[in-house]
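Because only heavy atoms are used, hydrogens play no part in the values below, and waters and symmetry mates are left out as well, while side chains stay in. Proteins get letters first, then strands, A, B, ... in listed order; numbering begins at 1 in each.
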Amino acid sequence: MDKKVSVKVCLGTTCFVMGSANLQELIELVPRKYGDKVDVSGVPCLGLCSIDWEFSKAPYVKVDDDVIKEATVEKVLAAIEKKLSK
Amino acid sequence: MSMNSTPKQTSHLKREILVRLIKAFLSDNFPENTRLIPFAMRPKGSEVPYRCCIHKERAILRDRAVAGLGMSIEETDDSVLLSTLAEESLKRTEPEEDPLTVLTTACKGCVPSRIYVTDLCQGCVARPCVNTCKFGAISIQNGKSVIDPEKCKNCGMCVQVCPYQAITKIIVPCENACPVGAIAKGEDGHAKIDFEKCISCGKCVAACPFGAVHEKSQIIDILKNIKAGKKVIAMVAPAIMGQLPCTPTQLKEAIMELGFADVYEVAQGADVTTKTEAKEFEERLEAGAEFMTTSCCAGYNELVEKHIPEMKPFRSDTKTPLYYTAEIVKKEHPDAVTVFFSPCNAKRKEAMQNPNVDYVLNYEELGAWFVALGIQVAECSESKFKTEASAEARNYAVTGGVAKAVQTMLPEHLPTYPVVINGLDKQSIRDLKKYAKNGVCELGNLIEVMACPGGCLGGNGTVNAYKQALKQLTGYVNESEHLVNEENEKIEK
């Protein structure tokens, strides 16, 4: 275990409206759960929603380089678990 | 504590429909692009995430779009194309009367509300269920408890006494959420709203896991007025300041970018409400009144009108912040079309009764509008409000905030005991009825009533999670000027 897992919750307007407002709890929950093994933060627009009609797949979260579409708290936690178990 | 109880996936669907409707309106062919929405969302060969088949998925999305066009799903014939409805939506001059509509095909899945014995029943010797039932509805058959539905009154006593927790109450979420028994499943299995009883609080909208209760959106009406070049003015409720990821002044700029001519904070009117209500409270107490309730929550006002008329003498006669704000706006701009930016459905009803308020837009709809136009609120420049409101007024959106504001303006010697009703449910309605009947409230004399838990920030039309919204709004309140008791003229204008 050398490198931290990075979690970026997109708080751009589209992601926020389409659901990342409810992902903000991750920003408190993740450090409590995983301590300093995971870096989590809310970030400005990642630009993923502007491609064609991809707003409908928002909210987006990036876990390292993997993009999670239609992200939910459960999906993000599962992705973190997967990274940590490697 | 999750105030925003709308299941996330149903919010996502409703918002996606709104975004697509707005994009369709702004396109060169509104009717045709509206007709295509269900097909664009579920193209041929796509996955069928929720329903039995792609056709039902599309049919339900079509019905959701009907609500988005501001029409009643129940009263719209299935054979009419969305394109035709889109054209019709452009012709109306005012919104439809009842603000809610039920998507009946989506709600058929719920089991009727009843008490049910699960297979955890051990057929025990004590049989507290049989002994507790006042209606003789429970008997033992083949060693298990059985409920006779003819005799059962759904009281739930057996649920409480079963030592195995083997008896459960099956609930219909909308029925369970409604504080006044205005929504129920009819004999055909579909939920139906009784608008004679409905107080427009929006709790059913938030509670239904199928997202089957829709607000009739007025977004098309508003877009139409802006497109026609009218001077459309936004009046934003205090709750909006916690709703989007930007500062209040950026939000104002973002709203201007949608085509609004100006943005007024309804907190400006809240300052008038505070002052007027404080004066009224003082006069009432001096005249011997035992208590007074606030009158700014539209859901509560409709509750009093329809279910607790005996409360009328105890409810403040002071008008709502929206009332005063709209009056100011129409005075300054008699030619303006006014739009109230609301956290909840109940204000739609209040707006319909106020000739100074033309339309209502909730925060889901506002958010969808930003998405449709690709506006990044956090990148907008700062645009100041012409009239600043007080910290107390901006805090109206939080439970306890109204009573606190009124208290600020009361003389110190006046014995003031605030009581906060933080959300209307069956219990708090019973309490209110008791206060009205007895003419006294043993807990205090200044009763603030909010239909939504947490206050307006917990409204059904909000976007942000409650905790975050509260944090953001509190930041704004803390940087605002406080009301000063002596200097009443400061807020008078």
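Within the 4.5 angstrom heavy-atom criterion, no atom of Ala372(B) approaches chain A. Contacts between Leu366(B) and chain A at a heavy-atom distance below 4.5 Å are absent for every atom of the residue. At a 4.5 Å heavy-atom cutoff, the contact between Gln468(B) and chain A is made by side-chain atoms alone.
Glu28(A) pairs by the side chain to side chain donor-acceptor pair (under 3.5 Å) definition with Lys467(B), not counting sequence neighbours. Listed by chain and number, the residues in a side chain to side chain donor-acceptor pair (under 3.5 Å) with Glu253(B) amount to none (sequence neighbours excluded).
The existence of a salt bridge linking Arg35(B) and Glu32(B) is confirmed by a sub-4.0 Å separation between a basic side-chain nitrogen and an acidic carboxylate oxygen. Classification of Glu364(B) and Arg15(B) as a salt-bridged pair holds, one side-chain N sitting under 4.0 Å from a carboxylate O.
Of the listed residues (Thr14(A), Leu11(A), Val17(A), Leu23(A)), the greatest number of heavy-atom pairs within a distance under 4.5 Å of chain B belongs to Val17(A).
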